[in-house]
There are 2 protein chains.
Amino acid sequence: MSRFKSEKSASGARSIGIRDIARSAGVSTATVSRFLNKPESVGADLRDKISRVIDETGYIPHASARALSSRRTRTIGAIVPTVDNAMFAQGLQALQSYLATKDYLLLLATNEYDIDVELQQARNLVARGIDALILRGDERHPILRRLLETNGIPFVNVGLCEPAKPYPSVGVDNYEAGRVLARYITDLGHRRVAVVAAHQRNNDRAQARLRGIIEVLEQQACAPGPGWQLQVDYNLADAGDAARILLQGESRPTAIICGNDVIAYGVMLAAIRMGCDVPRDLSVVGFDDLDWSRHLLPSLTTIHMPTNEIWVRAGRYLVDLLAGQAPIKHQQVDFSLVLRESTAPPPKT
Amino acid sequence: MSRFKSEKSASGARSIGIRDIARSAGVSTATVSRFLNKPESVGADLRDKISRVIDETGYIPHASARALSSRRTRTIGAIVPTVDNAMFAQGLQALQSYLATKDYLLLLATNEYDIDVELQQARNLVARGIDALILRGDERHPILRRLLETNGIPFVNVGLCEPAKPYPSVGVDNYEAGRVLARYITDLGHRRVAVVAAHQRNNDRAQARLRGIIEVLEQQACAPGPGWQLQVDYNLADAGDAARILLQGESRPTAIICGNDVIAYGVMLAAIRMGCDVPRDLSVVGFDDLDWSRHLLPSLTTIHMPTNEIWVRAGRYLVDLLAGQAPIKHQQVDFSLVLRESTAPPPKT
DNA sequence: CCAAGGCATGTAACCGGTTACATATCATCG
DNA sequence: CGATGATATGTAACCGGTTACATGCCTTGG
């Protein structure tokens with residue numbers, strides 16, 4: 001029956017393959033394959049002929065077959081907490097554009113801030129045959145490391161930079177960023193400072209930032225008590241709740257340092273609704289410098305993170321590595337303090 | 001030399017395959033394959049044995065090989081303008097979670113609002129072997145239709161619902177939504193109404209919304225002249241520019257209808273900076289009801305879009321279709337008008 | 001008690017590319 | 001002029017699964 005194999009289920013015009021192209025062009029499959037992967041290794045006349053046949057037929061090479069035999073998928077995976085978040089979205093967009101220029105595809109997965117989910121997603125990506133993986137931060141399931149190792153999948157951590165660690169990383173020094181920001185607040189004269197951080201669990205960037213902030217505040221002898229150190233989820237509503245808690249009491253902070261711009265904005269909106277004048281009564285600062293932070297009212301003083309650059313560099317690191325080069329293993333990217341309208345010296349009283 | 005094949009490049013412990021599992025479990029590869037794909041078709045004792053071997057070895061089936069021989073990748077593609085946009089990000093996140101429960105993977109590509117890029121990306125996805133495709137809107141490159149047809153790839157349009165068209169779609173009736181929103185504004189008493197829409201090129205949703213808006217305004221004999229109909233990109237800065245143009249003249253609008261929430265927010269921020277009191281001097285409305293629209297100051301009157309539901313339904317449509325069922329082809333989802341603080345009757349004067 | 005049919009399992013061809021190796025051609029050099 | 005090597009192309013084994021078909025066993029009904 002094998003002579004009927006191409007007549008599957010009525011509609012089944014079997015899609016054309018490399019053998020069809022080879023036959024039409026009067027060459028071998030090997031030559032077509034070489035044309036596809038390294039055109040300059042094929043003679044000019046054959047090159048033209050093959051090219052013409054491919055254009056005419058609209059032939060598209062079968063990526064799975066390619067991946068199977070070459071053991072490379074030209075696919076890079078990335079696992080982030082969620083794409084529903086301006087910062088990741090922006091960086092991923094930039095990464096994707098970059099990878100497209102290198103003829104790589106980005107395969108995206110989310111871990112919902114859960115290292116078990118992350119492991120599961122990583123398994124998924126590995127099964128899918130990614131050539132390399134980009135991970136957010138540095139805290140992850142121990143089995144994940146083994147998984148990547150035994151499958152020989154290179155990876156890079158983004159969002160932090162720890163030259164002491166054996167794993168490659170691209171990012172800013174979050175600890176130092178925390179210090180700079182806190183220092184700016186204390187230099188303005190604030191001594192009653194509260195901190196609304198992102199949840200610390202499994203989030204080393206948030207931890208490093210907080211560590212830097214607290215350290216500076218301690219040096220200035222104004223470390224916030226436990227009631228003035230809150231942790232919230234990444235959204236406006238929760239941040240607003242935190243602000244209401246901080247501002248309802250008798251003794252209020254004159255400045256609130258927030259773990260990122262979204263939290264800062266949530267805090268600011270709630271404070272204004274409570275009748276606070278930002279920055280006259282209360283200064284608010286964040287991290288990340290999201291696109292809209294400079295448009296807000298008041299615009300937000302924050303730490304600018306070169307998000308796009310970080311993600312693109314991470315992508316480039318892996319692409320170079322896969323191309324057999326030896327890129328720089330730890331790339332520290334500069335952040336900067338952006339002064340805007342949401343900060344001022346504390347009120348006199 | 002073939003007996004050396006497993007010793008590639010020193011580190012090369014060839015990863016284990018289905019034949020290894022079969023040998024260890026004392027069964028044939030076919031049985032292992034059946035265990036993987038339809039466990040209930042394998043006897044209980046063998047099932048246990050195979051399961052144990054797989055757990056011990058950490059075996060992960062090779063997706064490319066699987067795809068090659070089964071001609072199904074369990075991958076669904078989606079092409080959106082950009083992920084750097086709260087609305088898409090949210091919907092995609094929901095879609096991805098849904099597909100994960102069905103053991104499908106989401107392959108994401110962006111078209112940067114360009115139908116040629118979209119075609120290119122679609123080629124990419126097809127080469128990658130997607131089983132189905134989700135597309136945004138309905139305006140696309142004619143070749144793309146052919147491409148999908150000849151490759152037998154089912155697809156669905158999201159964000160609109162046009163039962164008249166032959167292609168499946170899931171979304172709201174944007175034209176009607178535009179009418180409802182405009183109607184609300186005119187019912188409030190506004191007669192000097194400006195419109196700041198998203199760019200119309202290759203964006204049928206934006207076109208439908210605008211059509212609905214203009215139609216209602218014409219009925220009320222207050223259709224905006226060309227100077228009061230602006231088109232901007234999807235970002236706060238451009239929207240702010242538009243607001244400054246509209247509000248600088250002698251004769252100002254008392255309400256501005258915006259193509260979406262981001263534009264509305266950009267307009268609102270710029271207006272407030274110019275000393276306008278929203279909503280007393282100026283009413284502003286948008287579309288989409290992004291997460292933060294209810295937190296803004298003032299909070300935004302807008303059309304609520306069930307984004308998550310739309311994307312998940314689109315995913316379910318394709319999953320069901322691929323499973324051989326016959327899901328509903330055109331699914332209209334309800335929108336709703338959400339009244340908040342950014343609207344009021346026009347000032348007396 | 002035997003034929004028929006259902007079920008679990010094994011054998012091996014096949015999916016559509018890549019690539020190691022063989023072969024052919026031609027320029028170069030002692 | 002023959003040996004040498006570089007370059008272009010062809011042949012066919014292989015990547016790691018899936019699945020059509022074959023096989024063998026067990027149940028069931030006449």
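Excluded from the calculations below are hydrogen atoms, water molecules and symmetry mates; all remaining heavy atoms, backbone and side chain alike, are included. Every value quoted in this text rests on a predicted model; they were computed, and no experiment measured them. Note on naming: letters A, B, ... go to the chains in the order of the sequence lines (proteins, then strands), and numbering restarts at 1 for each one.
Salt bridge B/D55/B/R52: absent, no basic N to carboxylate O contact under 4.0 Å.
Between the P atom of C/dT18 and the CG atom of A/L68 lies a distance of 11 Å, rounded to the nearest Å. Taking atom CZ on B/R74 and atom C1' on D/dG17, their separation rounds to 16 Å, with Å as the unit. Following rounding to the nearest Å, B/I50 (CD1) and C/dT9 (P) show an atom-to-atom distance of 8 Å. Rounded to an integer number of Å, the gap from B/H62 NE2 to D/dG17 C1' is 9 Å. To the nearest angstrom, C1' of C/dT19 lies 13 Å from CZ of A/R19. Nucleotide C/dT18 holds its P atom 13 Å from the CD1 atom of A/I21, rounded to whole Å. One interatomic measurement links the two molecules: CZ of A/R128 to P of D/dG17, which rounds to 14 Å at whole-angstrom precision. Atom pair B/L36:CG and D/dT18:C1' shows a separation of 11 Å (rounding to whole Å applied).
A perpendicular orientation is assigned to the rings of B/W311 and B/F88, their planes being inclined by more than 60° (bins at 30° and 60°).
For the side-chain hydrogen bond (donor to acceptor under 3.5 Å, both in side chains) condition, the pairs that include at least one residue of residues 123-134 of chain A, sequence neighbours left out, are A/T73-A/D131, A/R128-B/T75.
Residue B/R71 places none of its side-chain N or O atoms closer than 4.0 Å to OP1 or OP2 of C/dC15. Considering only side-chain N and O atoms, B/S33 lies under 4.0 angstrom from the phosphate OP1 or OP2 of D/dT18.
With distances taken from any side-chain atom of B/S69 to the nucleotides C/dT19, C/dC15, D/dT19, the minimum falls on C/dC15.
B/N157 pairs with exactly one of B/R140, B/K165, B/E139 by the side chain to side chain donor-acceptor pair (under 3.5 Å) rule, that one being B/R140.
Using a 4.0 Å heavy-atom cutoff across all strands shown, B/Y59 reaches sugar-phosphate atoms only and no base atom.
One N or O on the side chain of A/S169 and one on the backbone of A/E162 form a donor-acceptor pair closer than 3.5 Å. With A/R47 contributing its side chain and A/P39 its backbone, the two residues share a donor-acceptor pair below 3.5 Å.
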How would nucleotides 5-10 of chain D be written as a contact map, 5' to 3', with B for base contact, S for sugar-phosphate-only contact and - for no contact, using protein heavy atoms under 4.0 Å?
-> ----BB

Please table the atom pairs, donor to acceptor, closer than 3.5 Å between any side-chain atom in residues 95-109 of chain A and protein atoms at least two apart or in another chain.
{"from": "A/Q96", "atom 1": "OE1", "to": "B/T110", "atom 2": "OG1", "distance (Å)": "3.1"}
{"from": "A/Q96", "atom 1": "NE2", "to": "B/L108", "atom 2": "O", "distance (Å)": "3.2"}
{"from": "A/S97", "atom 1": "OG", "to": "A/Q93", "atom 2": "O", "distance (Å)": "3.1"}
{"from": "A/T101", "atom 1": "OG1", "to": "A/Y98", "atom 2": "O", "distance (Å)": "2.5"}
{"from": "A/Y104", "atom 1": "OH", "to": "A/R72", "atom 2": "NH2", "distance (Å)": "3.2"}

